[in-house]
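Only heavy atoms go into these numbers, but all of them, side chains included; no hydrogens, no water, no symmetry mates.
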Amino acid sequence: MAIEDLLLKSTDLPDYKLVGYVEIGVPIFKRILHCLLLQQKNLHVVEEFVLRLTEHNLSLIEITDLLGLDQQLVEASWFNLISMGFIDPLDKVITELGTNYLQDNKIDSYEKTDIPVSIDGLTGEIKVDRNWISAQNIRELGIQVVDPYIEIPDKEDLINFSEVNNVLHALNKDEDDDESSTGKLLEILKIRPKKTQYKRISILLYSDANNNVRIMAYDGNEHKQKYEVSLIGLDERGLSIYKINEDLYFKQYTDIKYESLLKSDTEIVGPGKLYSYMYELMDEVKTQLDISMPLVEMHVPTDKLISKLIELLKKKVKIYYIVSGRQFANELLKKQYEKLLELRSKYEGLFIIRNVADYTNKCVLIDTKKGFVSKLIEHNIGLVKNDRTMTEEGFLLEQHPEIQIAKNFYFEESNETLYTELINKREIEGKLKSISEMVIYIDEYLLSINGKGWIGGGAIPNLQRLLSVPTATTEERFENFANTVMQSLIEVLNKGKGNSYFFVDFKNYFPKIQRVLHKIRVYRNAAHHLKLDEQVKENYFLFLNEDLDGSLPIFIKDGYYILQTKLIRELYDVLYSEVNKIRSGLNGE
């Protein structure tokens with residue numbers, strides 16, 4: 001059962017309010033247990049006949065004649081019985097061990113075997129090994145991973161023998177076999193670890209008026225109380241079970257427009273109803289679907305949503321999609337928006353995506369007839385470590401005045417088009433060649449003043465790579481461009497000159513040049529990292545305001561190409577200006 005379906009049932013706890021919900025990854029330790037087993041077996045049928053006839057003092061020749069079998073087969077069985085100690089090799093009579101076998105009809109045998117198991121990191125339960133979600137895939141899914149509650153199971157005394165026996169029987173069980181045929185576990189000789197994988201479970205958090213917290217955990221639609229005990233235990237140890245990655249949202253979001261749509265008798269509804277109502281709306285839409293989504297972890301466009309949008313686009317429904325905010329909460333969020341941007345290219349004119357800098361509400365409208373609006377609510381709860389949680393709540397829009405207000409506010413189409421005459425490959429080569437020549441000129445000038453210069457009197461690092469950078473028609477190509485400029489023109493500024501040279505001395509001499517280089521440096525960091533330090537983030541947003549009207553480049557047609565164009569031309573212009581100033585000063589003008 002999906003977490004969205006669980007949310008529809010979130011009123012199961014009277015006097016408790018839903019204050020948080022999240023999918024988490026539970027570590028599953030995969031181990032190979034090298035074990036010693038006591039196995040009880042039966043003799044081969046010929047061996048058993050030979051043993052019983054020997055008990056009646058028949059000779060090997062008499063037994064062969066009586067059985068009417070091949071002599072070699074009977075002799076092989078005879079010698080096997082001698083090797084097992086069932087027949088005395090000298091007296092040729094049955095031994096006490098052989099007599100005991102005829103009474104019990106069983107042979108004790110010691111065998112070594114490997115038993116593959118999966119051990120639950122929260123409960124310690126040992127089950128038959130199976131494939132779960134890999135560490136890489138759990139990250140790609142954007143699912144939070146919790147620490148294990150149990151001790152890492154790498155010692156024999158941490159392994160429950162009874163549960164391993166159950167696994168052993170489950171692995172060997174056959175319709176015609178009884179449990180005794182699988183053997184008895186005597187000892188775990190060695191434990192060999194394999195890569196840890198993860199089980200995906202859903203947790204719902206509730207709080208009452210006294211701030212008492214209850215956790216409900218579900219594996220699919222199965223309620224797992226053992227998980228709840230372990231999760232509370234993790235919190236008491238100071239370990240995270242619930243992470244809020246939306247600090248920027250709560251810092252920048254304003255709910256003025258949201259509150260203005262509310263009436264005193266408006267019913268506030270929770271996330272389960274909002275989720276199901278969104279799909280009801282999309283089933284009813286005839287001509288236009290308007291969606292506003294903040295860039296937050298809770299509102300990742302799911303594959304189900306994307307499939308629904310494709311279905312509507314095939315029916316020629318126009319979709320206007322507003323993305324608010326300019327920071328991806330995780331890799332999955334970015335990956336899913338890349339899928340939507342592919343749809344924009346495929347259904348150009350029918351599917352429009354626009355990014356706005358400031359966070360707004362989630363809002364869904366169909367045909368300007370009905371819809372809903374929601375926001376994220378932060379809660380402070382009575383847990384030790386995980387004292388902040390988050391939910392979505394909102395209200396339905398069914399009256400025309402409120403719907404029109406929401407339409408005008410959240411989906412006001414911009415008449416402004418970000419236009420830049422894009423740089424072509426030939427111009428890139430020409431500009432970068434001139435830039436490299438001016439860098440050398442400024443380097444020589446600085447060397448004469450402070451002995452450090454720009455590139456220290458040497459050659460520009462990776463010059464040929466710099467001169468041949470491609471046009472940034474993709475994000476990957478823009479990263480290539482930014483990395484190359486960083487290596488050739490920025491990193492060299494601090495090399496051998498002290499870590500502060502770029503931000504202090506060089507900036508004092510050439511503040512305009514330093515600012516453009518710093519802009520490239522910040523854009524490079526943003527291309528490599530979703531999460532930025534606060535100072536870097538502040539500069540990144542400032543530069544986005546200057547270059548892309550505040551939008552993220554991924555959402556703008558040719559956004560990365562526009563950035564490359566502006567950065568190369570801006571760097572060329574400031575260098576050209578500074579070189580002319582230096583020349584004018586040297587000439588006494």
Side-chain angles (χ1 to χ4, degrees), residues 29-119 124-130 153-194:
F29 299 108
K30 296 166 74 71
R31 296 290 186 268
I32 301 292
L33 306 180
H34 188 55
C35 301
L36 179 64
L37 304 181
L38 173 62
Q39 195 86 4
Q40 291 187 321
K41 297 182 177 180
N42 301 104
L43 288 175
H44 185 276
V45 63
V46 176
E47 292 172 342
E48 186 158 337
F49 272 117
V50 170
L51 183 61
R52 291 188 181 280
L53 291 172
T54 302
E55 184 184 26
H56 293 286
N57 299 316
L58 271 67
S59 67
L60 179 58
I61 296 174
E62 292 172 323
I63 293 172
T64 304
D65 291 340
L66 183 61
L67 292 177
L69 298 175
D70 182 78
Q71 182 178 350
Q72 289 184 339
L73 177 60
V74 176
E75 286 180 353
S77 299
W78 173 272
F79 288 114
N80 281 342
L81 292 167
I82 290 175
S83 67
M84 288 187 286
F86 287 3
I87 294 176
D88 187 286
L90 298 177
D91 297 334
K92 307 296 191 295
V93 295
I94 190 168
T95 64
E96 183 180 354
L97 188 62
T99 302
N100 290 337
Y101 171 78
L102 292 177
Q103 291 174 352
D104 300 334
N105 211 36
K106 297 288 183 183
I107 306 171
D108 285 346
S109 172
Y110 296 92
E111 295 185 1
K112 294 178 181 179
T113 189
D114 286 335
I115 305 175
V117 298
S118 291
I119 304 174
E125 290 178 308
I126 301 175
K127 301 290 186 182
V128 174
D129 188 32
R130 53 161 283 194
D154 287 331
K155 299 177 182 177
E156 183 183 342
D157 58 358
L158 299 175
I159 304 296
N160 186 311
F161 266 44
S162 175
E163 292 186 4
V164 176
N165 259 321
N166 291 338
V167 170
L168 181 64
H169 293 314
L171 288 172
N172 292 283
K173 191 170 184 180
D174 190 279
E175 291 182 0
D176 298 326
D177 292 340
D178 57 48
E179 289 193 354
S180 63
S181 67
T182 63
K184 179 182 179 182
L185 179 66
L186 294 180
E187 185 180 358
I188 297 174
L189 303 172
K190 188 174 181 180
I191 301 173
R192 296 201 303 269
K194 296 171 66 178

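Counting only heavy atoms from C-beta outward, the side chains of I159 and R31 never approach each other to under 4.5 Å. Contact check for K190 versus I32: no side-chain heavy atoms found under the 4.5 Å cut-off.
L186 is linked by a side-chain contact (heavy atoms from CB on, under 4.5 Å) to L36, L38, Y110, counting only residues two or more places apart in sequence or in another chain. Every residue was checked against the side chain to side chain donor-acceptor pair (under 3.5 Å) condition with E187, not counting sequence neighbours, and none meets it. Every residue meeting the side chain to side chain donor-acceptor pair (under 3.5 Å) condition with D114, not counting sequence neighbours, appears here in chain and number order: H34, R192.
Listed here is the closest heavy atom pair of I119 and G124: CG2-O, 3.8 Å. The shortest non-hydrogen separation linking C35 to L185 is CB-CD1, 3.5 Å. Nearest heavy-atom pair across E156 and I188 is OE1-O, 3.1 Å.
K155 contributes no side-chain N or O that, together with a main-chain N or O of I191, makes up a donor-acceptor pair within less than 3.5 Å.
For the atom pair CD1 of I115 and CD1 of I126, the computed distance is 10.0 Å after rounding to the nearest 0.5 Å.
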